[in-house]
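First up is the structure itself, then whatever we jot down about it.
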Number of protein chains: 2
Amino acid sequence: MREKLEKYYSFVFEKELIDEIVQVGVYKKLRENEILVDLGDKMKGIPLLLEGAIKIVREDKNGEEILLYFLERGDTCASSFASAISNGRCGIRATAEKESEIIFLPKEKLDEWMLKYKSWRTFVIESYNIRLNEMMETIDSLAFMNMSERLYKYLTDKAQIMRETSLNTTHQDIAYDMHTSRVVISRLLKQLENEGKIKLHRNKIEILEF
Amino acid sequence: MREKLEKYYSFVFEKELIDEIVQVGVYKKLRENEILVDLGDKMKGIPLLLEGAIKIVREDKNGEEILLYFLERGDTCASSFASAISNGRCGIRATAEKESEIIFLPKEKLDEWMLKYKSWRTFVIESYNIRLNEMMETIDSLAFMNMSERLYKYLTDKAQIMRETSLNTTHQDIAYDMHTSRVVISRLLKQLENEGKIKLHRNKIEILEF
DNA sequence: ATTATTTTGTGATTATCATCACATAATTTA
DNA sequence: TAAATTATGTGATGATAATCACAAAATAAT
């Protein structure tokens, strides 16, 4: 745990803070598709992502989903932070897109570290900023782009997060993430394939052009 | 200045912090439609809203807009905070929807106060949370609602923020905020009027049902 | 190997919204 | 007051995406 923590966080956190995190943090391995945070959960702490990829989705009352953004190593879930600090409920669902490793930090420390470590304050503020910006990008996509552009962005973004040039996914799964229907996705994918941007296989999409 | 500050912030900030704000804060009055923050601005501080209403919009490269949310008294602009702290550029435009009063806080103090005042830490985190939640609501609207529902939500939200039951606005202005066309808005407004939810006048929309 | 299930492909139809074109009404300006 | 400007109303048409219905291909289960 310390090893990976130092690998990805030594440029972010002071040594003393890393020591504290090792002491109080709880290491956890998530298997693919495991739910880390669910709608309405009260967070008793926040997760630091050491390895892997986490999908953050929003759900409406009818159970329909829309992807907000992905987290990758070095990220934390700002929504959890919010929920943990204010004892409120989380408005999102976080699912491991692939096997992932996290460190769970108890909420008691969150404010304490704000006083003790400048690097922690910076990290928290930075995390919020990154998340606000991701949300703005999501809003941009929804407001300004058509389905085909959104789809292509989805594919390239996800490939980047997953550190793969091929995605193992079905058309239906993409449709869920983008809150549309499988038929629409299938047709647009075929179109992107004809444009030479991707190559389609069963359960797999190769991205040829980034 | 102190008077209004105490009126809206005495339950939020410690007395000593209010004293400091009075000392270093710069009071400013904004006239209607004045731009407080523009796209690409580097923020030298953050605004605390004392009175009035501020509209936060996002713009894409083609100059097309979409409303993100409104600020009202007691709010601050989390995006500015982000930009001020990180010396980055602001990704939004903030415009006074009506005459407003703000206190501008210099960025040098922002981190200092994090150490000194628990109430400041709470305020900053709370502000980010509120903004994240507003963004999620905006995403919900875009992803899950049709134009008519979005429009009705826009009208009632704005009325609430403006503390009025009538809005002085044109169909075109609404269309800009919602990133659609005037024709669409006119037709949907007429429909809402037929449903008895609003009453239309020239340059004015009365909201009959909240 | 046969059957069942999952995944993808595709035509047809409909709904929503975008866009064009122009009319009419209210208000301002000259 | 006449002309110009601004705001709103409305028909027609087109584009995008949603939905239905079903076929075909690939894979998994028995």
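To find a chain, count down the sequence lines: A is the first, B the second, and so on, and within it residues start at 1.
Contacts between chain A and DNA chain D, taken as any atom within less than 4.0 angstrom of a protein heavy atom, begin and end at D:dA17 to D:dT27.
In this structure, A:Q191 places its CD atom 14 Å from C1' of C:dT10, rounding to the nearest Å. Following rounding to the nearest Å, B:M147 (CE) and C:dA15 (P) show an atom-to-atom distance of 19 Å. Whole-Å rounding puts the A:E193 CD to C:dG9 C1' distance at 12 Å. For A:I198 and C:dT8, the CD1 to C1' distance is 13 Å, given to the nearest whole Å. In this structure, A:F144 atom CZ and C:dA18 atom P are separated by 13 Å, rounded to whole Å. Between the P atom of C:dG9 and the CD1 atom of A:I174 lies a distance of 11 Å, rounded to the nearest Å. Per the geometry, CG belonging to A:N203 stands 12 Å off P belonging to C:dT6, to the nearest Å. A:Q172 places its CD atom 18 Å from the P atom of C:dT5, with the value rounded to the nearest Å.
Not one N or O on the side chain of A:K204 forms a donor-acceptor pair closer than 3.5 Å with the backbone of A:S166.
Contact between the side-chain N/O atoms of A:K190 and the OP1/OP2 oxygens of C:dT10 is not found at any separation under 4.0 Å.
The aromatic rings of A:Y128 and B:Y128 sit parallel, their planes meeting at an angle under 30°, below the 60° perpendicular limit. The aromatic rings of B:W120 and B:W113 sit perpendicular to each other, their planes meeting at more than 60°, with 30° as the lower class boundary.
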Criterion side-chain contact (heavy atoms from CB on, under 4.5 Å) on A:I185 and A:M178, from CA distance to verdict: CA-CA 9 Å; A:I185 294 296; A:M178 293 183 55; 4.1 Å; yes
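Listed nucleotides C:dG9, C:dC17, C:dA26 differ in distance to B:R202; the shortest reach to its side chain belongs to C:dA26. For A:T170, the listed nucleotide lying nearest its side chain is C:dT7; candidates were C:dT7, C:dT19, C:dT10.
Side-chain contact annotation: A:E137 with A:Y69, donor-acceptor N/O pair under 3.5 Å absent.
Rounding to the nearest 0.5 Å places CG of B:N129 at 8.5 Å from CD1 of A:I85. Rounded to the nearest 0.5 Å, atoms CD1 (B:I35) and CG (B:L30) are 11.0 Å apart.
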